[in-house]
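To start, the structure under review is shown below, and the notes come after it.
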Amino acid sequence: MAVLQAADKRSLESLFRTRVSFDRMERTLYGHDIAEIPSLIKPLVGSTVPDAVVQPASEEELVALVRWAQENRIALTPRGRASSGYGGVLPVKGGLVVDFLHLSKLLEIDTKTQTARVQPGICWEKLDRELAKKDLTLRLYPSSYPAATVGGWLAQGGAGFGSYESGWFRDNVVSARAVLANGTVREFSGSDLDLVSEAEGTTGLISEVTVKVMPKERLGVISIGCPDAYDLQRLVERIVKDGLPIWSLSFINPRMAEMKNRAPLRMHAGHAVGERVLLPASYVMTLAFREKDRQRIDDVLPNLFKTCQAELLSDKVAHHEWDNRFEMMVVKRLGPSLVPAEVVIPLSSLGDMMAEVERKVSQPVVKEGLVIREGAGGNPEVVILGFIPSDQRKFSYNFIFPLSLTIMKIAERNGGKPYATGLYFAGKASQILGRERLGRLKAFKARVDPGNILNPGKVMQGGLMASALSLGAAIEPLIRPIGNHVISKIGERPTQSVRDIPADVAWYAYTCSQCGYCVAECDQFYGRGWESQSPRGKWYWLREYMAGRQQWDQQMVDTFLVCTTCEMCDTRCSTNLPIEPSWMKLRGMLINEEQRMTFPPFEMMAAALKSEGNIWAGYRKDRMDWYPADLKAAHPPGGKAKNVYFAGCTASYVEHDIGQASVRLLDKAGVDFVHLGKEENCCGTPMLVAGRWDLFAEIMKRNIELVKQAGADTVIASCPACDMMWRQCYPEWAKKLGIDYPIKARHYSEILAEQIEAGKFRFPKLEKPVTVTWHDSCHIGRASGVYEPPRDVIQAIPNVKLVEMSHNREQAHCCASVLTLIKEPPVAADIGKVKLDEALAAGAEKILSLCPCCQVQLRVTADKKGVPIEVQDLAHFAAAAFGYTFPDPNPEVRKQWAVFDAFIKLLTPQGFADLMGTMWPDLIDAMPLGMGRMMRLLGKVPGALRLMRPMFPVLFPRLLPLMLPKVLATMLRRVEEQIEMPKYMREQMPDLMPKVMDRLMPHMIGDMVPLITQPMIDYLRGKS
Ligand SMILES: Cc1cc2nc3c(=O)[nH]c(=O)nc-3n(C[C@H](O)[C@H](O)[C@H](O)COP(=O)(O)OP(=O)(O)OC[C@H]3O[C@@H](n4cnc5c(N)ncnc54)[C@H](O)[C@@H]3O)c2cc1C
Ligand code: SF4
Ligand code: SF4
């Protein structure tokens, strides 16, 4: 295969524009799947870092890509969500990884034929959500449903939930289109599907799939405990024989039950989420069936139990097992690694197979199984996925790994075979696929891809690794005792930090199963589309960093900082990892401890916050300007009461309607409250997420003290970030810092909802009916769990219709405020548009929100993207029902955002370089020790400045701190010329700007030098 040349890169750039990456770090993240190969045999695979990653967005682009690759003899390795573990997605011959991320549309649902036509990159969960809108559902899906793609499963082949009734996935496919290596597109159906199914992209890039679906019906679930595998086998055989109408039949072994019992629960804000449901130490079989068939099952099952010692388990266990069916990887928390072994065996060998594994493998093997009623040859089959907990960081992992070959050999002896081929088991292709089918596949490949550009080294072409595994299998009896004698610890044991990574985060990085559940719904990811921007990518990067193969640079620091803290990933993780809290910990480490650069606009906010207590650079004396004069007597700012209303910065300085409407509603609800007055400070959220923890702690202490002085024990917030601080972060930090914290937090919507429920609070009827939707801000929703109260308030207003967006409550998408907005405003608009489009699709005229920052972001997005929807504050909307009027916040938002936006652009290396370009005379004069004069002279000597050029990177970092104070006045004038600031900001700039420059320049100067060198030389030569 050829290696990518500069001209190839140019061609790819012109074909794919921003949808191609040559970045080394990014490419590394596209060079692996979920499997962790032991260090001793890893070299046999060779490098798996592709030369580039491309993301085609149409079948035409796939065709163009394949033709180009054919011409240039470049290997193409397709990749869905990379949730497989057989090495199929590894680019073992270099070339390009073809990521199907942008080929993920649902094309058509045909309710008559009960089929769905989709692009290959669509994930099962998304397809199922769309089907549900038409009362349809999937006939079967893999247990990687939240991540895996339709094309990936077809190419990989497999069985999953629903396979008991529906068989292997391939049998549920009507047809598939694929782009062949010669650049033609062919549709496969019937027996020809054998040419793409399980071919792992070696015969064609799948561009479209039509799958069979079924009516959506209510499912019932039952769990049954069986003391041993023979009993389990007997019971399943009876279920099959009696033709019980079961849709899905899965089971786990006692080891798995025990490990699940020990695995950590999902945590949130230091507390376990959900209840621990203990499983019995037995084989736990879970049946899913259509509720309408329950009676038949209830009637027959007790009789079947007589043939074995099975017992019906509680509904709680059944529902727990079913509800958590995608989270089997949670046991990885106790590893942190798992050695996998996956086999297919006839049901008739289940007991023997399990018994032999118990006899021959002394390491604990956790197993999960799926039964297929009509498998190969019409007989029932069982897919068994076994895992041996281990630690990939230890050398002993090399010895435990071969035990997977032991399990495979036991399966073979019992009439079974490995599950799939991929890279590792290509040597067993004839056994896995059947000799005849393999022959057909090979002949087809030879005909359409003689140059072998499509996924070379896989399925039918065994490489070194496949040979090594075949050899390993042959000498398995000799190596087995070594693996059996390794002493493995089981349990979460994050004891050691690695490089600068804290011990717990280091453990989680290895625990991450790389399953990909967290990828598609992470807004940082879907706003940008590259693996490095996903939680999965970051965990993998951390592993690489801890192994010494990656280093921190500003790009990577920014990657961790730009996470919006939406917490979506925490709800999706298959191993219950505290992902967002881990990134939060790294923010503190990177910025606070290691003093790296945070996002520059945060430094402006920090400077303003230090002097005036707010992030918008308003004066403290103006903080109460918004407060309704007529409420001052009843709710005096600076007064004393049990409740304090905490407005926060944005309501106080930008969106006055939020604060005004909130206090009106609280007053109307008869709440006795005061406000902290001008002494109120920013809640500190921006400093927390910026990693400026020194300042955060300072501001938090001041706020807690003020509330105590007010004699209050409750803080009522309108802003979700303020709420989150008082509800979760302050208590946690107060504990850490030994501060007494006798304060609880309530959101005003919770108070109103209670009063509405109690019949004490009523809204008058709106004159005109209106349809609204509710935006669950991340910090009031996932962070604080307040989902229903705002909805209760909306629904209590007569003449208002509430419609839900397709992602709501715990699944609601983030608006991309704050971190994305201040780092990459265009990306924020892309992410925000996803939300606004959902609101429009739901049929809403208005999108209601209670978060000031979400409202700024959604308003800015609606303006930028021209989305015709009104964004309104909930309190504003609700209080207006009583006839109150409030200022329109839009003009102020636009004005303040324009200033912010301009500062974001200014506070970058390019922004500063451009600014300096407007003041060279002053800068040169400001050079110390007469250097300015010398530079002017050198400018007149041909070639002198060119000779000096290499010294600039050394000189500038030393000179600039001495020059900047001297040119401050000019600089401020230039900034004022560029940015139309309000008067109060202009007045503060002489104080703020030097503080900001002091913090930023040491970090930025390196990037600025190349940008300012030539313009300065040009100026000195008199060219500009
Ligand atoms: C937690 C977990 C549970 C799982 N449960 C199951 C299960 O129940 N059943 C099961 O069978 N598997 C299961 N798997 C394995 C894996 O999820 C499935 O094989 C899945 O179908 C792979 O889909 P993917 O999109 O991730 O494909 P990838 O892993 O990206 O790709 C799989 C193979 O298909 C090729 N490929 C991908 N897209 C295309 C395309 N468009 N055209 C041509 N070739 C392509 C790739 O090159 C690769 O060889 C599980 C994995 C995990 C992590
Ligand atoms: S918190 Fe949100 S943005 Fe951050 S990694 Fe998780 S899902 Fe992505
Ligand atoms: S972070 Fe969790 S959800 Fe994401 S890849 Fe890792 S284990 Fe899977």
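Atoms within a ligand are numbered from 1 in the order they appear, just like the ligands themselves. Heads up: numbering here begins at 1 and tracks the sequence. Atom set for the values below is all heavy atoms of this structure, side chains included, hydrogens, waters and symmetry mates excluded.
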Original post:
Ser513 heavy atoms, cut-off 4.0 Å: which ligand 3 atoms fall inside?
Top reply: 6 (Fe), 7 (S), 8 (Fe)

**OP:** Can you sort out which atoms of ligand 2 are near Cys569, meaning under 4.0 Å from one of its heavy atoms?
**Re:** 1 (S), 5 (S), 6 (Fe), 7 (S)

Subject >> Pro78-ligand 1 polar pair, N/O distance under 3.5 Å >> reply: yes

Original post:
Non-hydrogen atoms of Asp33 versus ligand 1: any pair closer than 4.0 Å?
Top reply: no

Original post:
Considering only heavy atoms of Trp539, which atoms of ligand 3 have at least one such atom less than 4.0 Å away?
Top reply: 1 (S)

Original post:
Taking distance alone, with no angle check, do Gly80 and ligand 1 share an N/O pair under 3.5 Å?
Top reply: yes

Original post:
Of all the heavy atoms in Thr77, does at least one lie under 4.0 Å from an atom in ligand 1?
Top reply: no

**OP:** Considering the heavy atoms of Glu580, write down every atom of ligand 2 situated less than 4.0 Å from one of them.
**Re:** 1 (S)

**OP:** For Trp583, counting its heavy atoms only, list the atoms of ligand 2 lying under 4.0 Å from any of them.
**Re:** 5 (S)

Original post:
Which ligand 3 atoms does Gln514 reach within 4.0 Å, using its non-hydrogen atoms?
Top reply: 5 (S), 6 (Fe)

Subject >> N or O pair under 3.5 Å between Arg79 and ligand 1 >> reply: no

Original post:
Which atoms of ligand 2 are found less than 4.0 Å from any heavy atom of Cys522?
Top reply: 3 (S), 5 (S), 7 (S), 8 (Fe)

Original post:
Below 4.5 Å, heavy atoms only, C-beta onward: do Val689 and Phe599 meet side chain to side chain?
Top reply: no

Subject >> Identity of the nearest option to atom 2 (Fe) of ligand 2, non-hydrogen atoms only, from Ala816, Cys566, Cys778, Ser534 >> reply: Cys566

Original post:
Among side-chain atoms of Gln55 and Asp99, is any donor-acceptor pair under 3.5 angstrom?
Top reply: yes

Original post:
For Ala82 and ligand 1, does the shortest N/O to N/O distance drop below 3.5 Å?
Top reply: yes

**OP:** Mark up the atoms of ligand 3 that fall under 4.0 Å of a heavy atom belonging to Ser574, in ascending order.
**Re:** 2 (Fe), 3 (S), 7 (S), 8 (Fe)

Subject >> Those atoms of ligand 3 less than 4.0 Å from some heavy atom in Arg536 >> reply: 5 (S)

Original post:
Can you find a non-hydrogen atom of Tyr86 under 4.0 Å from ligand 1?
Top reply: no

**OP:** Record the part of Phe161 in heavy-atom contact with ligand 1 below 4.0 Å; permitted values are side chain, backbone, both and neither.
**Re:** neither

Original post:
With a cut-off of 2.8 Å, does Cys518 place any N/O/S atom under that distance from atom 6 (Fe) of ligand 3?
Top reply: no

**OP:** List every atom of ligand 3 that sits less than 4.0 Å from any heavy atom of Ile579, numbering the atoms from 1 in the order shown and giving each element.
**Re:** 1 (S)

Original post:
Are any of the N or O atoms of Glu342 closer than 3.5 Å to those of ligand 1?
Top reply: no

Subject >> For ligand 3, the portion of Thr511 having any non-hydrogen atom under 4.0 Å away >> reply: neither

Original post:
Is Tyr141 close to ligand 1, meaning an N/O of one under 3.5 Å from an N/O of the other?
Top reply: no

Subject >> For Pro535, atoms of ligand 2 separated by under 4.0 Å from a heavy atom >> reply: 5 (S)

